[in-house]
Amino acid sequence: QGLYDMAHTLKQEKRALEATLIFRHLLQANSTGTSNNISNEQKSLLAELAFHCGYMSVEIGLPEKAIPYLQKSYHMTDILLHKQEYIAMLSNTTDPRTLETINRELKLCNDNTPKEYLSLIKRRLAYILIEYRQLEEAKAVLNELLKDPKSEKFAKSELDGGVYISDRTC
């Protein structure tokens, strides 16, 4: 617990490199000898540590190093922040897994899914469809987002020739 607290303190003090090293050490130490039959508590700890390793990798300017950690966290937990960060990292790096991951998340969404999370996933979907030059599909998603108060401004700006769409139609 002492190292974990120290890593969090360093993170809060914006000492990202040191925090990253400690989180990575803790993840490695807690992963040693684990098998598929780990307790929920151990799984939760590993997911949390992996998330912090990924998050801090971004903070120190190594997004490519963040993806494996965030992916591990994504698959080990249902914490929406972990899922959100993984999807954001995939889409920011236009990773080929982005569209598949977003579509999987959308299929898992239900009436209990927080609207903010669903909005974010749909905005990421629109963004990645634009990146892949699937503009008709992107416009359909953006038109759907017009009905969402949290995403209406983004959708309007994109449909009115926003940065993403106008850059891709030239």
Can you find a pair of side-chain heavy atoms, one from [X] and one from [Y], that are under 4.5 Å apart?
X      : Y      : answer
Leu129 : Leu135 : no
Glu116 : Leu80  : no
Lys72  : Ser31  : yes
Thr101 : Asp95  : no
Gln71  : Arg97  : yes
Tyr117 : Glu105 : yes
Glu41  : Leu45  : no

- Message: If you count heavy atoms of other groups shown closer than 6.0 angstrom to CD of Glu152, is the number above 12?
- Response: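 Correct, the count exceeds 12.
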
- Are the aromatic ring centres of His8 and Tyr4 under 6.0 angstrom apart? yes

- Item | Validation row, ring centre Phe51 to ring centre His82 under 6.0 Å |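 So the answer is yes for these two rings.
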
With rounding to the nearest 0.5 Å, note down the distance linking [atom1] in [X] to [atom2] in [Y].
X      : Y      : atom1 : atom2 : answer
Met76  : Ser44  : CE    : OG    : 8.5 Å
Ile128 : Ile102 : CD1   : CD1   : 6.0 Å
Lys156 : Leu145 : NZ    : CG    : 12.5 Å
Ser119 : Glu144 : OG    : CD    : 10.0 Å
Lys115 : Ser151 : NZ    : OG    : 12.0 Å
Leu125 : Arg123 : CG    : CZ    : 12.0 Å

Please name the pair of heavy atoms, one in [X] and one in [Y], separated by the smallest distance, quoted to 0.1 Å.
X      : Y      : answer
Leu142 : Phe154 : CD2-CE2, 3.6 Å
Ala47  : Ser73  : O-OG, 3.1 Å
Leu118 : Cys109 : CD1-SG, 3.7 Å
Arg124 : Asn92  : NH1-OD1, 2.9 Å
Ile130 : Ala138 : CG1-CB, 3.5 Å
Tyr86  : Leu70  : CD1-C, 3.7 Å

- Message: Regarding Lys150 and Asp148, does a basic nitrogen lie under 4.0 Å from an acidic carboxylate oxygen?
- Response: no

Cluster link [X] to [Y], ILVMFWY, side chain under 4.5 Å:
X      : Y      : answer
Leu62  : Leu27  : no
Leu3   : Leu46  : yes
Leu146 : Leu106 : yes
Met89  : Leu81  : yes

- If we ignore angles and hydrogens, is there a donor and acceptor under 3.5 Å between the side chains of Gln84 and Tyr74? no

- Item | Side-chain (Glu59) to main-chain (Lys11) donor-acceptor, under 3.5 angstrom | no

- Message: Given 3.5 Å as the limit, does a donor-acceptor pair link the side chain of Thr113 with the main chain of Asn110, or not?
- Response: yes

- Answer yes or no on whether Lys122 is positioned over the face of Tyr127, meaning its NZ or CZ is under 6.0 Å from the six-membered ring centre and within 45° of the axis. no

Taking only distance into account, with no hydrogens and no angle test, what donor-acceptor pairs under 3.5 Å do side-chain atoms of residues 15-24 form with protein atoms, sequence neighbours excluded?
from	atom 1	to	atom 2	distance (Å)
Arg15	NE	Glu18	OE1	2.9
Arg15	NH1	Glu13	OE1	3.1
Arg15	NH2	Glu18	OE2	2.8
Thr20	OG1	Ala16	O	2.7
Arg24	NE	Tyr69	OH	3.4
Arg24	NH2	Ser57	OG	2.9

- Message: The criterion is salt bridge (Lys or Arg N to Asp or Glu O under 4.0 Å); which residues satisfy it with Glu100, sequence neighbours excluded?
- Response: Arg104

